[in-house]
Amino acid sequence: MTSEATYTRHDGQEAAAALDSFIPAYGEIYVEPPYREGPRDVAEFIEHYAVQVRRPGMRLVLAHDGDEVVGFAYGYYLAADTRWWQNIQGVALPEAVTWEDGRRTLVVIELAVRKAWRRRGIAAALHTRLLDDAHAQRVTLTVRPEPEAAAAQEAYAAWGYRKIGVSRPWDDAPLYDCMVRDLDD
């Protein structure tokens, strides 16, 4: 089943201006298990997003049903000095995996669809549009391992991602599965 949503892409600082349009969807989605985020978490997200929109290759894709944002995805290129790979727990990844040059890897920071619009192909369409013109060798993301995130885990596996380890992205963060997918450029 494909989506009937329409999509808009916002690159670089243009993505900063789009925050107000999708923050209600963010709050609605991330209050659900396993995240259970509240107003404080949403405020922290807004602070982090203000930094992230300045990252090289920043791109945001919004899914709309009429005037309503029903899903969103965004990411950017990992910087040469990224700590992304240092967050992997319990495994030493070889330098061939961890080196970055500022364009090698696109990281998907968020990919989310509101509950009433799930299972309509919107997540897949957001993902495809996010990767359009990426010109990266690979893409990485993290996903929560809890059963409540099983649909996301299954989608990522179907899209060609493979788990390379478990990540703790920040102090006090829960554990996430870190996944990578090679891109055919």
Enquirer: Test side chain to side chain contact (heavy atoms under 4.5 Å, CB included) on Tyr26 and Val31; report intermediate values, then the result.
Expert: CA-CA 8 Å; Tyr26 179 93; Val31 74; over 6 Å; no
Enquirer: Which residues pass the side chain to side chain contact (heavy atoms under 4.5 Å, CB included) test with Ala173, not counting sequence neighbours?
Expert: Arg168, Pro169, Trp170
Enquirer: Looking only at side-chain N and O atoms, does Gln89 offer a donor or acceptor that is under 3.5 Å from a partner on Tyr176?
Expert: no
Enquirer: Quick one: are Pro94 and Val97 in side-chain contact, heavy atoms under 4.5 Å?
Expert: yes
Enquirer: Mind checking the CZ-CG spacing from Phe72 to Leu111? Nearest 0.5 Å is all I need.
Expert: 8.5 Å
Enquirer: So does Lys115 get a backbone contact from the side chain of Arg119, meaning a donor-acceptor N/O pair under 3.5 Å?
Expert: no
Enquirer: Residues in side-chain hydrogen bond (donor to acceptor under 3.5 Å, both in side chains) with Tyr161, at least two apart?
Expert: His127
Enquirer: Check whether any side-chain N or O of Glu37 sits under 3.5 Å from a backbone N or O of Ile29 as a donor-acceptor pair, and report yes or no.
Expert: no
Enquirer: Identify the heavy atoms of Gln13 and Val53 that sit nearest to each other, and give their distance.
Expert: NE2-O, 3.6 Å
Enquirer: I need the minimum non-hydrogen distance between Arg103 and Tyr77, along with the two atoms involved.
Expert: NH1-CE1, 3.1 Å
Enquirer: Test side chain to side chain contact (heavy atoms under 4.5 Å, CB included) on Trp84 and Val107 and set out the steps.
Expert: CA-CA 9 Å; Trp84 182 264; Val107 58; 3.4 Å; yes
Enquirer: Shortest non-hydrogen contact from Ile122 to Tyr7?
Expert: CA-OH, 3.6 Å
Enquirer: Report the C-alpha distance between Val166 and Asp177 in whole Å, list the side-chain angles of each, state the deciding distance to 0.1 Å, and finish with yes or no for side chain to side chain contact (heavy atoms under 4.5 Å, CB included).
Expert: CA-CA 5 Å; Val166 176; Asp177 289 343; 4.0 Å; yes
Enquirer: Please tell me whether Tyr74 and Tyr30 are part of a single hydrophobic cluster in this structure, the criterion being side-chain heavy atoms less than 4.5 Å apart.
Expert: yes
Enquirer: Given Arg144 and Glu32, is the salt bridge (charged side-chain N to carboxylate O under 4.0 Å, His left out) satisfied, shown in steps?
Expert: CA-CA 13 Å; Arg144 293 285 292 267; Glu32 297 174 27; over 6 Å; no
Enquirer: List the atom of Thr140, the atom of Met179, and the distance in Å for their closest heavy-atom pair.
Expert: OG1-O, 2.8 Å
Enquirer: Parallel under 30°, tilted from 30 to 60°, perpendicular over 60°: which one fits the rings of Phe22 and Phe45?
Expert: perpendicular
Enquirer: Look at the side chain of Thr82 and the backbone N and O of Ala79, then say whether any donor-acceptor pair between them is shorter than 3.5 Å.
Expert: no
Enquirer: Apply side chain to side chain contact (heavy atoms under 4.5 Å, CB included) to residues Val180 and Val139 and explain how you reach the verdict.
Expert: CA-CA 6 Å; Val180 175; Val139 61; over 6 Å; no
Enquirer: Could you pull out the closest heavy-atom pair between Arg59 and Asp133, with the gap in Å?
Expert: NH2-O, 3.6 Å
Enquirer: Taking atom CG of Leu62 and atom CG of Leu126, what is their separation to the nearest 0.5 Å?
Expert: 8.0 Å
Enquirer: Okay, side chain of Gln153, backbone of Glu146: is any donor-acceptor separation there less than 3.5 Å?
Expert: yes
Enquirer: Using only atom types and a distance under 3.5 Å, with no angle test, would you say the side chain of Arg54 pairs donor to acceptor with the backbone of Ala50?
Expert: yes
Enquirer: Starting from Tyr35, can I reach Ile46 by hopping between I/L/V/M/F/W/Y residues whose side chains sit under 4.5 Å apart?
Expert: yes
Enquirer: If you draw the axis of the six-membered ring of Trp99, does the NZ or CZ of Arg104 fall within 45° of it and under 6.0 Å from the ring centre?
Expert: yes
Enquirer: A side-chain contact here means heavy atoms from C-beta on lying under 4.5 Å apart; do Arg36 and Asp41 qualify?
Expert: no
Enquirer: What heavy-atom pair brings Ile88 and Ser167 nearest, and what distance separates the two atoms?
Expert: CD1-CB, 4.1 Å
Enquirer: Counting neighbours of CZ on Arg162 that are heavy atoms of other residues, nucleotides or ligands and sit closer than 6.0 Å, is the number greater than 12?
Expert: yes
Enquirer: Donor-acceptor check, side chain of Gln137 to backbone of Leu183, threshold 3.5 angstrom: yes or no?
Expert: no
Enquirer: Run the salt-bridge test on Arg138 and Glu100 with the 4.0 Å N-O cut-off and return the result as yes or no.
Expert: yes
Enquirer: What's the separation between atom OG1 in Thr98 and atom CG in Leu78, rounded to the nearest 0.5 Å?
Expert: 11.0 Å
Enquirer: Using modelled atom types and a 3.5 Å cut-off, is there a donor and acceptor pairing between side-chain atoms of Arg181 and backbone atoms of Leu141?
Expert: no
Enquirer: Please report the interatomic distance CE(Met58) to OH(Tyr76), rounded to the nearest 0.5 Å.
Expert: 8.5 Å
Enquirer: Transitively linked via ILVMFWY side-chain contacts under 4.5 Å: Leu130 with Ile109?
Expert: no
Enquirer: If you measure from CD on Glu68 to CZ on Arg114, what distance do you get to the nearest 0.5 Å?
Expert: 4.0 Å
Enquirer: Enter the distance from Glu110:CD to Leu60:CG here, rounded to the nearest 0.5 Å.
Expert: 10.5 Å
